[in-house]
Amino acid sequence: MARDNDGKLQKAVRDGKDDDGVSWEHAISELNRQQTIIRTPNPSDQGHTRQKQAGKLWVWERLVSLLDKDSFSEVGSVSGKPVVDEKTGEVVSFTPANIVIGWGKVAGRKVFVTADDFSVRGGHADGGIAGKAAYGEELARKMKVPLIRLLDGSSGGGSVATYLAMGATYVPPLAGLGQSMESLAVVPVASALLGPVVGLAAAKAVTSHFSVMVKDLSQLFAAGPPVVKQATFEDLSKEALGGWEVHSSNGTIDNVATSELDAFLQIRTFLSYLPSSVFALPPVISSTDPAERREEELVGIIPRRRGRAYDIRKVIRLIVDGGSEESGGSSFFEMGATWGRPIVTGLARLSGRTVGVLSSDCMVNGGAIDALGSQKTARFVNLCDHFSIPLLNLVDQPGFAIGSAAEKSATIRHGASAMSALYDATVPIFTVIIRRAFGVAGGAFADPEDGRNFRVAWPSGDWGSLPLEGGIEAAYKRQLEKAESEGGPPAREKMMKDLLAKFEEVRSPVKTANKFGIEEIIDPRDTRPTACDWAVHAYENLLPQRLVAKQSIFGVEGRSKGRGYKL
């Protein structure tokens, strides 16, 4: 029998009470004994030893690290297989279910947690109790609290060893993923990948609103290396098949963490911006950052020379609320920084109100939106729209990525998903055109509600059906070719400069404002005060009515079938 350093397990055994035939003390004592055995680490157990040798936390250590102190209340605490001494009738060992579930708190708010225990049969279903994880996901939905998954193993997925125990094979069921998708439509779902995440666990990881992978510790794949080798003859390591470098760049997971503790911090941070369910508004916190703060740096942050790049994340940090030192002094929490990199997405606060931030990174492919950037945009906009999070939309969009690689990756097809998400969104959107807005993609970002959008522009605004330089090349192709044939390259270059000078006269955003083609041009230093005023108005006057609409759509039970979340 295992015991820990302070002898809790032996004490539990010594304190066992005989059945007096009157009270329930004996039953309570037996329950406490089983709980103590399950929750006490057994250094001689091979599964526990492998977990520690891999540099991973044990499931109970993870729960302590993730949740507020002493806030965990387990559900199904004695689920498993007790081994009883035939002579004494006492429980001498216990094979617990390979998943721990229960209530907890994150920053004082109630959550529900399902945590895989990889030390029990490598997390396979034959080492656990069927239906426990699915029950937890259903309970989170019904009680309308965020769901946190700590994934390690198959998360209740199958093992061929089960066939021998059953004496038959079986048609694979949905295995609780129906409950997962219903939960996804009602409550925030965050998943931490804390080891090899395979099969059913991989499906759970991607049916999340936020997922984080631990660098050099976790992997994700539909099937592991042995199965892959048998099927495709590829002999790959876990890292080569589904390590963090693979999935942090393809959009399968959102963020990468440097450690398990960092993953838990990211989940806590993500949930701090989200409401407990679609039936509530995101929490409003007190902010010491003045709404009227005007940043002088913004007036010159966009280079006058249009081809030069700038740091969009710095622009965002100058506009949104400040944050703690732990968060880098800004409330901006970026999501998906390692994939779809021409697009920047994340959560932040304005006057203490949660907002989603959407923009482009001109340092990556000039900011042109590609296939992955389109998927990232659609996913993020759908998240904000689903949980009533207003969007701060900072536009510098030169258009869809072009060229053979862009065409082969179906950029325009995925781009349609981004356009659809922006157009269909019903949360308030505050659009600020800070520089470029060209073509269809530029229109989708600069005018997401097709003429019904609240927007302003900076004096650095530059827009049109085509970027001016490329458009002149196309529109005056014959004249330019004739000039070159008659006077050589210098003649062509001179004509191009003369044409650019003519168009420069009408390029000013003020000319567009004269015709009410842009509603207002503002001093960039006024962006934060204007955005804060918009956010406060949205929370006080526009978002509350969304809750009434959500109630009518989902009903009191919050059942979402047929009205699911767009993955």
Side-chain angles (χ1 to χ4, degrees), residues 65-66 106-109 111 146-149 187-193 208-215 244 248 251 253-276 281-289 311-341 343-361 373 376-377 379-394 427 429-430 528 531-532 535 538-539:
S65 301
L66 168 70
V106 169
R109 288 203 299 163
V111 298
L147 172 67
I148 302 174
R149 303 191 191 106
V187 298
V189 179
S191 295
L193 288 69
S208 306
H209 298 112
F210 177 70
S211 56
V212 57
M213 203 171 187
V214 181
K215 186 177 181 180
W244 70 275
S248 65
I253 55 100
D254 294 303
N255 283 17
V256 177
T258 56
S259 66
E260 292 192 51
L261 296 182
D262 182 32
F264 301 152
L265 175 61
Q266 290 196 41
I267 283 179
R268 290 176 65 95
T269 303
F270 169 75
L271 291 179
S272 72
Y273 292 96
L274 273 288
S276 293
L281 293 182
V284 176
I285 67 170
S286 177
S287 175
T288 58
D289 192 350
D311 185 353
I312 184 59
R313 290 170 180 82
K314 186 174 185 180
V315 173
I316 293 168
R317 291 194 297 269
L318 289 171
I319 294 171
V320 302
D321 288 358
S324 63
E325 290 184 13
E326 198 174 51
S327 65
S330 171
S331 66
F332 182 55
F333 174 67
E334 188 168 359
M335 296 171 60
T338 55
W339 73 283
R341 293 175 57 240
I343 295 296
V344 176
T345 57
L347 300 169
R349 291 189 176 90
L350 290 169
S351 288
R353 276 84 174 167
T354 297
V355 295
V357 181
L358 174 65
S359 194
S360 306
D361 188 350
K376 182 175 174 179
T377 299
R379 174 174 165 79
F380 182 71
V381 172
N382 287 336
L383 170 72
C384 292
D385 193 52
H386 194 68
F387 286 105
S388 300
I389 299 173
L391 274 167
L392 175 63
N393 178 29
L394 303 176
V427 287
I429 301 176
F430 179 31
R528 172 172 168 78
C532 285
Y539 270 80

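Remember, it's a predicted structure, so these values are computed and weren't measured experimentally. Along the sequence shown, the residues carry numbers beginning at 1.
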Supply the atom-to-atom distance [X] [atom1] to [Y] [atom2], rounded to the nearest 0.5 angstrom.
| X | Y | atom1 | atom2 | answer |
| --- | --- | --- | --- | --- |
| Asp321 | Cys532 | CG | SG | 6.0 Å |
| Ile389 | Leu274 | CD1 | CG | 5.0 Å |
| His209 | Asp254 | NE2 | CG | 11.0 Å |

Quick one: list whatever passes side-chain hydrogen bond (donor to acceptor under 3.5 Å, both in side chains) with Arg317, sequence neighbours left out.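 With neighbours one apart ignored, the set is empty.
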Arg341: which residues meet the side-chain hydrogen bond (donor to acceptor under 3.5 Å, both in side chains) condition with it, sequence neighbours left out?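 Residues passing side-chain hydrogen bond (donor to acceptor under 3.5 Å, both in side chains) with Arg341: none at all.
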Which atom pair, heavy atoms only, marks the closest approach of Ile267 to Ala192?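 In terms of heavy atoms, the two residues are closest at CD1-CB, 3.6 Å.
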Identify the heavy atoms of Phe387 and Pro188 that sit nearest to each other, and give their distance.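 Smallest interatomic distance, heavy atoms only, reads CZ-N, 3.6 Å.
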May I have the step-by-step check of side chain to side chain contact (heavy atoms under 4.5 Å, CB included) for Leu383 and Thr345, ending in yes or no? CA-CA 11 Å; Leu383 170 72; Thr345 57; over 6 Å; no
Taking Leu66's backbone N and O only, do any of them form a donor-acceptor pair with Arg268's side chain (distance below 3.5 Å, no angle check)?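 Looks like yes, one N/O pair under 3.5 Å.
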Counting only N and O atoms by type, is there a donor-acceptor contact under 3.5 Å from the side chain of Arg109 to the main-chain atoms of Leu271?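 A pair under 3.5 Å: yes.
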For residues Arg149 and Ser208, is any side-chain donor paired with an opposing acceptor at under 3.5 Å?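 Ser208 and Arg149 do have a side-chain donor-acceptor pair below 3.5 Å.
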Please name all residues satisfying ring-ring contact (aromatic ring centres under 6.0 Å, His included) with Phe333, sequence neighbours left out, ordered by chain then number.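 In terms of ring-ring contact (aromatic ring centres under 6.0 Å, His included), with neighbours along the sequence ignored, Phe333 is linked to Phe210.
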